[in-house]
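Remarks on the structure that follows.
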Amino acid sequence: MSEAASYDNLNAQNHTDPRPDESAGFVTPAQRKKRTSNWIKFGIPVLIIVIVAAVVGGVVGSRKKHSSAATADSSSPSASAASASAAASSAASAKLALGRFATATESDYMMPIYPSTTDSAAFGSPTFVSSSNSQNSWPMDPFQPSNPDVLTVRQDRPRLIAPAYKWAALPTLIANDPYLQGWNATIFGNATAYYSEPPVIYFLDDSSGILDNARAIKERVKAFSYVYRMTNDTTWVNRLWEEIQNAAGNGTTDFGPDEDRWNSGHFLDTAELSAAYGIAYDWLYDVWSQDQKDMMLSTLLKYGLNPGVTQVTTSAGWWRVNTTGNWNCVCNSGLTIASLAILGDDTTGVAKQLLQTTVDNAIQNCAQAVSDDGTWAETANYWYFGTTGHAEMAASLLSATGSDYGLLKSNPNFVKTGDFHMYVTGATSLFNYGDHGPNKYSTTANSMIFYADFFNEPQYALFQRDQWDAADPWSMFWYDPTIAGAFWDGKPLDNFFDNGLDQWGSMRSTWTDTNALYVAMKAGMNLGHQNHNDLDCGDFVLDALGTRWAGELGSGDYNAPNYFVGETQTDPRWMYYRKMTEGQNTILINQANQNVNAAPTVQHGTSNTTQGPTTVLEVDTNSTAYFTADLSSAYFDATSMKRGVRLLNGRKQVLLQDEIDASESVMWRMHTNATVSIESGGTSATLTLDGQTMKVAMLNPPSGAAFTTSAAQRFPSDPTPPAPDQPNPGVTVLIISLPAGTYTLEVLFNPQWPGSVNYVTPPSVALDQWTLTSHDSS
Ligand SMILES: *[C@@H]1O[C@H](CO)[C@@H](O)[C@H](O)[C@H]1NC(C)=O
Ligand SMILES: *[C@@H]1O[C@H](CO)[C@@H](O)[C@H](O)[C@H]1NC(C)=O
Ligand SMILES: *[C@@H]1O[C@H](CO)[C@@H](O)[C@H](O)[C@H]1NC(C)=O
Ligand SMILES: *[C@@H]1O[C@H](CO)[C@@H](O)[C@H](O)[C@H]1NC(C)=O
Ligand SMILES: *[C@@H]1O[C@H](CO)[C@@H](O)[C@H](O)[C@H]1NC(C)=O
Ligand SMILES: *[C@@H]1O[C@H](CO)[C@@H](O)[C@H](O)[C@H]1NC(C)=O
Ligand SMILES: *[C@@H]1O[C@H](CO)[C@@H](O)[C@H](O)[C@H]1NC(C)=O
Ligand SMILES: *[C@@H]1O[C@H](CO)[C@@H](O)[C@H](O)[C@H]1NC(C)=O
């Protein structure tokens, strides 16, 4: 690829997703609402007693799972399978009796509030209860092609995601399941809110094109067509038509330039609008007049699929080559959904031409964005965009043609990406390293619900169903209401992801408390993440007591010149504070960036503590985990640099240790929203945030080591970036600054938990000697 072409690609990626600005919902610490007693919001009344006797009885029949390894095979149920199913059924009933969980409106990601209880009846192993004769499961899909073919679609409509047999079953399922009931009500509420708004107004944004418009239109299309199909009230059809015409430039306000209304230069926008048209065309196929269908078809071809042909046949489609990230997923998905929708009606051959390339291309790129440990190649936030595109595409291919052609399983490790998402989700928010904007309503984590079903991993759906973004028309058809149990039952508290590209560890004290201790740290390569990484080997976040003590600064300004040019050491991306090593929670040597070509090695250990059916987990005092990394290759002026983090004292305390041999100055840095008060002597500090306290202390401090603080901004001596950095209001950097030398820095974090806690002072142990028991009190 030529220099210029590669530059264009980078530049094109300059438009990937929402920017973290005020209008997009980014909340600065200063703007955060204060925690009040009124911080719990109940989605629906807590107690919904809907217990269906049919569930308990319904153990015979066959469940059309694509993979049935762990599910009792019920076509000829053995006695034990039947009794396991019966137990799971009563677990489902017990959980139904508890109802849905509330969400914490104060946390960035509105984490669920789990009830404090040990209810082993409700919170047993994750399971799909085999049954097809009860009201609680989907009937068999009548479309079962023996030789699926991407150009041979089912005869009935809809084809996409939700065939007619699923719509027919839905009202009964809703009546019997509190999650479907709540989501249905939310979708109706959202559709009602959109109804009274004008059609989405065209707005071309410098950094994200019309992607926000496109996603808003797609969201409305899904909601309006869902509500129409659930009510038969054509008011919704008329309102949807208004939206469709508006996006065609036939409304009362302008929608882009006539020759390219869907902004094909930033093809994500075109792909999302194509998907929106495809869904509208297909879901309401029987309602549209022939004229309306003709108009939609001509508009879709002109602004979506003909430009799509240009993308797949010329170098304009840069995202088709070596792009293991969200662009490939979203672009292929939109073209596929739209093509499937019009296949048979399209006389131009364009839909066929596209379908013959999009599926293979997504298998080679999109599906490979998951590395062999499950980590998404971009960032924790881009996982939402990528997997939403991937899941929509796979689900549409399955419903329309009867196969996903390997999109789900050609990468045998794709299934692990559900674990990536769960472990990267901390107690209060994501381990949000690299570029990440605020989460947005139009991309959700509901791919988890789809993957749960396809891969027979019920824990993924159990995890997602209590999240705030679960209400979505897709969930209505992806969710299998025969699910039972709790995702946390049997779930290890720790996980380590050690593919060389990523290398990160996730450790926590419990899965079911927003006050939990959570530590995640990364090493990994600084390149190879679709230009969304920071120079951040050794970076970590720390949650405890319901707040984040060590946190990330997030994306810089996507519009800033050359923000996405970061392949070599001196590239402009690495001049922006939020992307520089300085802006990370790690060691800085000689006030210089880490080596872009770093290739750390890692080690880790865990007591393998799992959570049981309880939400009030008490772990043994020796329950622990650690993650250590040799980061020497990340530094130019150090012969050796190693960092390790471990949990102590039954996961109540955290030790962060660095072993540094540096020929230039050394700086330990941590970004925090807390108010920092440094004790006299300088080797300990008290952090306060959200009414909570964290004590931080150096153990065995090297001579001269003392905590200081600074604002979160570049050193005056740093090169000036092409555009000013974004401010980081409210953020303080906690620092230990030392001259060149050989040091061991041991920093102990003691969250001030309620009640009387005996805090331990761990022994000093070299990182290479760390084991699970190396820090036990004698
Ligand atoms: C879906 O929600 C709407 C609005 O709350 C309600 O009127 C409707 O009855 C619900 N559908 C079903 C099948 O329960
Ligand atoms: C949908 O409705 C829910 C519940 O009222 C609300 O929290 C959410 O913001 C709405 N979503 C959109 C996109 O309006
Ligand atoms: C809508 O119409 C379809 C097809 O006639 C019918 O099967 C369905 O029951 C109707 N739904 C409602 C809510 O009236
Ligand atoms: C929009 O108007 C153009 C020009 O009259 C027409 O070709 C196209 O089919 C219309 N599309 C929609 C969706 O109204
Ligand atoms: C794609 O990646 C492969 C392997 O890294 C490389 O050999 C090839 O040149 C790349 N292709 C393009 C067009 O960048
Ligand atoms: C500060 O708080 C905001 C809002 O909760 C969060 O997004 C950010 O990551 C925090 N910053 C740090 C350095 O912890
Ligand atoms: C934890 O599980 C891993 C993988 O099964 C195993 O290798 C290790 O020995 C276990 N550790 C403990 C302390 O049980
Ligand atoms: C922790 O202690 C318990 C009981 O004292 C013991 O059974 C267990 O093996 C220990 N676990 C580890 C990882 O040392």
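Order of listing sets the numbers, starting from 1, for every ligand and every atom in it.
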We want to know whether [X] and [Y] form a side-chain donor-acceptor pair, criterion being a heavy-atom distance below 3.5 angstrom.
X: Asp345; Y: Tyr285; result: yes
X: Arg320; Y: Thr357; result: yes
X: Thr270; Y: Ser264; result: no
X: Asn176; Y: Gln181; result: no

*Considering only heavy atoms, which protein residues lie less than 4.0 Å from any atom of ligand 3?*
Met230, Asn232
Within ligand 4, which atoms have a heavy atom of [X] less than 4.0 Å away?
X: Asn250; value: 1 (C), 2 (O), 3 (C), 8 (C), 10 (C), 11 (N), 12 (C), 14 (O)
X: Gln245; value: 14 (O)
X: Ser298; value: 8 (C), 9 (O)
X: Ala248; value: 11 (N), 12 (C), 13 (C)

Is there a polar contact, in the sense of an N or O pair closer than 3.5 Å, between [X] and ligand 4?
X: Tyr277; value: no
X: Trp241; value: no
X: Thr299; value: yes

_Could you tell me if the side chain of Phe203 sits less than 4.5 Å from the side chain of Asn213, heavy atoms only?_
yes
*Below 4.5 Å, heavy atoms only, C-beta onward: do Phe267 and Trp327 meet side chain to side chain?*
yes
_Side chain, backbone, both or neither: the part of Tyr303 lying under 4.0 Å from ligand 4 by heavy atom_ = neither
*How would you list, by chain and number, every residue that makes a disulfide (SG to SG under 2.5 Å) with Cys329, sequence neighbours excluded?*
Cys366
*Can the ring centroids of Tyr277 and Trp262 be said to lie less than 6.0 angstrom from one another?*
yes
_Ring center gap for Tyr451 and Tyr460 short of 6.0 angstrom_ = no
_Any carboxylate oxygen within less than 4.0 angstrom of a Lys/Arg side-chain nitrogen, looking at Arg157 and Asp282?_
yes
